[in-house]
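Just so it is clear, the model here is predicted, and its values are computed rather than measured.
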Amino acid sequence: MDDDSANLQTIVNLLKLEGYSYAVTSRSPSVLELLDQLPAVHLVIADIMMPDMSGYELLERIRERFSPSELPVLMLTASNKANQLKLALEKGANDFVSKPFESEELLARIGGLTRMKTSVQAARDAEISFLRSQMNPHFLYNALNAIAELCMDAPNRAEQLILQLSSYLRRSVHFKHLDSKTSLMNELEMIEAYVAIEQARFGSRLEVIIDVDADVNRNMDIPPLTLQPLIENAIRHGLMSSIRGGRVMLSIRNLNDTETRFTIEDNGIGITKQRMDEIRQSTDGSNGVGLWNISSRLNLLYGRHLQIESLDGEGTRITFDLPNQRQSIDGNGGYET
């Protein structure tokens with residue numbers, strides 16, 4: 001981002017030569033729009049002095065969503081004044097380059113920051129591998145026990161559950177990254193497979209309703225393991241903690257042409273006010289790890305959070321909105337606003 005067209009073109013030429021994908025803009029607000037549209041950003045390069053929104057304000061907005069390791073920011077400055085550089089670092093800049101800049105220096109700093117981002121991504125990939133390794137044995141144990149109980153008395157039903165289990169496992173491990181995407185259809189089919197196995201275990205104690213409006217695009221992209229863990233959380237902690245069980249409902253509605261609302265609601269035991277405060281105040285997932293992880297991912301990818309309402313003894317409702325339209329890259333290999 002730079003309002004000087006000559007500087008912007010110089011940087012674009014350097015990025016092209018190095019094989020980077022890029023997006024360029026001469027307006028600060030457009031950076032925030034591009035962060036919503038682009039599938040993955042490794043670095044923001046931004047001029048400090050801009051006419052509509054300064055680089056300092058842009059930094060603050062970016063740091064509301066991304067930590068310095070999640071999205072590095074390299075600031076361009078026409079001044080070497082210590083107070084300006086200090087302010088940029090305090091507001092979350094990772095590094096800065098003075099203008100006019102040397103091409104070698106700029107590329108070196110870009111390379112260092114993108115390598116840092118790549119190493120953070122590798123750590124997150126390891127995290128999702130760990131989460132999957134923890135999820136599968138727990139669920140497998142319960143599912144196989146349920147199937148074993150049916151083998152003698154209801155072999156056909158046992159066979160159906162084995163197929164459902166196979167479908168669930170196949171769909172739950174097809175992605176590699178926390179910020180990769182799956183289709184809504186794939187997530188719904190995984191939920192149906194999961195629910196079929198849980199209903200075999202809990203019988204009449206468990207009722208699950210999936211209500212998707214006809215105009216919802218089932219091919220829309222959503223983060224994997226978003227809906228299913230919320231359904232699982234509602235069943236395990238909301239409903240089955242009570243001897244009477246209960247009902248959980250997933251509803252999906254289009255709010256307008258660009259937004260889709262997801263609601264997971266149960267009539268289970270609810271969450272106490274103290275527990276709710278602990279979940280909301282957690283900054284590292286130590287309280288309510290499942291809810292925290294999902295909310296953290298939605299914030300990272302879309303700048304959204306889970307909205308949680310709960311009454312102790314009455315149930316819980318979780319709501320979040322996601323964009324339902326995908327953006328496409330132009331024919332030149334980059335975005336331009």
Enquirer: Before accepting this row, confirm whether a basic side-chain N of the pair Glu102/Arg109 lies closer than 4.0 Å to the acidic partner's carboxylate O.
Expert: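 Result for this pair is no, no salt bridge flagged.
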Enquirer: Just by distance, with hydrogens left out, do Glu33 and Gln37 show a side-chain donor and acceptor under 3.5 Å apart?
Expert: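 No.
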Enquirer: If hydrophobic clusters are built by linking Ile, Leu, Val, Met, Phe, Trp and Tyr wherever their side-chain heavy atoms come under 4.5 Å apart, do Ile271 and Ile269 end up in the same one?
Expert: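 Shared cluster, no.
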Enquirer: Who passes salt bridge (charged side-chain N to carboxylate O under 4.0 Å, His left out) against Arg65, sequence neighbours left out?
Expert: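 Salt bridge (charged side-chain N to carboxylate O under 4.0 Å, His left out) list for Arg65, sorted by chain: Asp36.
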Enquirer: Quick check: is Ile162 connected to Leu144 through a chain of hydrophobic side chains (ILVMFWY, heavy atoms under 4.5 Å apart)?
Expert: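 Same cluster: Leu144 reaches Ile162 through Ile, Leu, Val, Met, Phe, Trp or Tyr contacts under 4.5 Å.
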Enquirer: Checking Gln160 now: which residues fulfil side chain to side chain donor-acceptor pair (under 3.5 Å) with it, not counting sequence neighbours?
Expert: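 Gln160 satisfies side chain to side chain donor-acceptor pair (under 3.5 Å) with Arg157 only.
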Enquirer: How would you list, by chain and number, every residue that makes a side-chain contact (heavy atoms from CB on, under 4.5 Å) with Met249, sequence neighbours excluded?
Expert: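 For Met249, the residues satisfying side-chain contact (heavy atoms from CB on, under 4.5 Å) (neighbours in sequence not counted) are Ile209.
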Enquirer: Indicate whether the side chain of Asn324 and that of Thr260 have a donor and an acceptor atom separated by less than 3.5 Å.
Expert: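 Looking only at side-chain atoms, Thr260 and Asn324 do form a donor-acceptor pair, the distance falling under 3.5 Å.
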Enquirer: For Arg205, give me all partners under side-chain contact (heavy atoms from CB on, under 4.5 Å), at least two apart in sequence or on another chain.
Expert: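 Scan of Arg205 (side-chain contact (heavy atoms from CB on, under 4.5 Å), adjacent residues dropped) gives Phe202, Met240.
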Enquirer: For the pair Arg261 (side chain) and Leu255 (backbone), establish whether a donor and an acceptor sit closer than 3.5 Å, ignoring hydrogens and angles.
Expert: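 No; judged by distance alone, with no hydrogens or angles, the pair does not exist.
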Enquirer: Check whether any side-chain heavy atom of Leu150 lies under 4.5 Å from a side-chain heavy atom of Pro155, and answer yes or no.
Expert: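 Answer no - side chains too far apart.
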Enquirer: Kindly say whether Thr182 contributes a backbone atom to a donor-acceptor pair with the side chain of Asn186 at under 3.5 angstrom?
Expert: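 Looks like no, no N/O pair under 3.5 Å.
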Enquirer: Side chain to side chain donor-acceptor pair (under 3.5 Å) with Ser69: which residues, sequence neighbours excluded?
Expert: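 Once residues adjacent in sequence are excluded, the partners of Ser69 under the side chain to side chain donor-acceptor pair (under 3.5 Å) criterion are Ser67.
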Enquirer: Would you check if the side chain of Ser242 reaches a backbone N or O of Leu239 as a donor-acceptor pair within less than 3.5 Å?
Expert: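 No.
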Enquirer: Which residues pass the side-chain contact (heavy atoms from CB on, under 4.5 Å) test with Leu107, sequence neighbours left out?
Expert: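 Leu107: side-chain contact (heavy atoms from CB on, under 4.5 Å) contacts with Leu14, Glu18.
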Enquirer: Would you list the pairs meeting salt bridge (Lys or Arg N to Asp or Glu O under 4.0 Å) in which at least one residue belongs to residues 1-15, sequence neighbours left out?
Expert: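 Sorted result for residues 1-15: Asp2-Lys99.
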Enquirer: Got a sec, which pairs hit side chain to side chain donor-acceptor pair (under 3.5 Å) with one end in residues 85-94, sequence neighbours left out?
Expert: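 Every side chain to side chain donor-acceptor pair (under 3.5 Å) pair that includes a residue of residues 85-94, provided the two are not neighbours, is Glu60-Lys91, Arg63-Asn94, Lys86-Glu90.
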Enquirer: Okay, side chain of Asn267, backbone of Arg247: is any donor-acceptor separation there less than 3.5 Å?
Expert: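 Yes: the side chain of Asn267 pairs with the backbone of Arg247.
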Enquirer: Quick one: list whatever passes side chain to side chain donor-acceptor pair (under 3.5 Å) with His237, sequence neighbours left out.
Expert: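 So His237 forms no side chain to side chain donor-acceptor pair (under 3.5 Å) with any residue.
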Enquirer: Which pairs would a plain distance check flag for residues 311-320, meaning a side-chain donor or acceptor within less than 3.5 Å of a matching protein atom at least two apart in sequence or in another chain?
Expert:
unit_1: Thr316; atom_1: OG1; unit_2: Ser310; atom_2: OG; d: 2.8
unit_1: Arg317; atom_1: NH2; unit_2: Glu265; atom_2: OE2; d: 3.1

Enquirer: Who pairs with Glu64 by side chain to side chain donor-acceptor pair (under 3.5 Å), at least two apart in sequence or on another chain?
Expert: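 Counting only residues at least two positions away or on another chain, Glu64 forms no side chain to side chain donor-acceptor pair (under 3.5 Å).
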Enquirer: Of all residues at least two apart in sequence or in a different chain, which pass the side-chain contact (heavy atoms from CB on, under 4.5 Å) check with Asp215?
Expert: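 Scan of Asp215 (side-chain contact (heavy atoms from CB on, under 4.5 Å), adjacent residues dropped) gives Asp213, Asn254.
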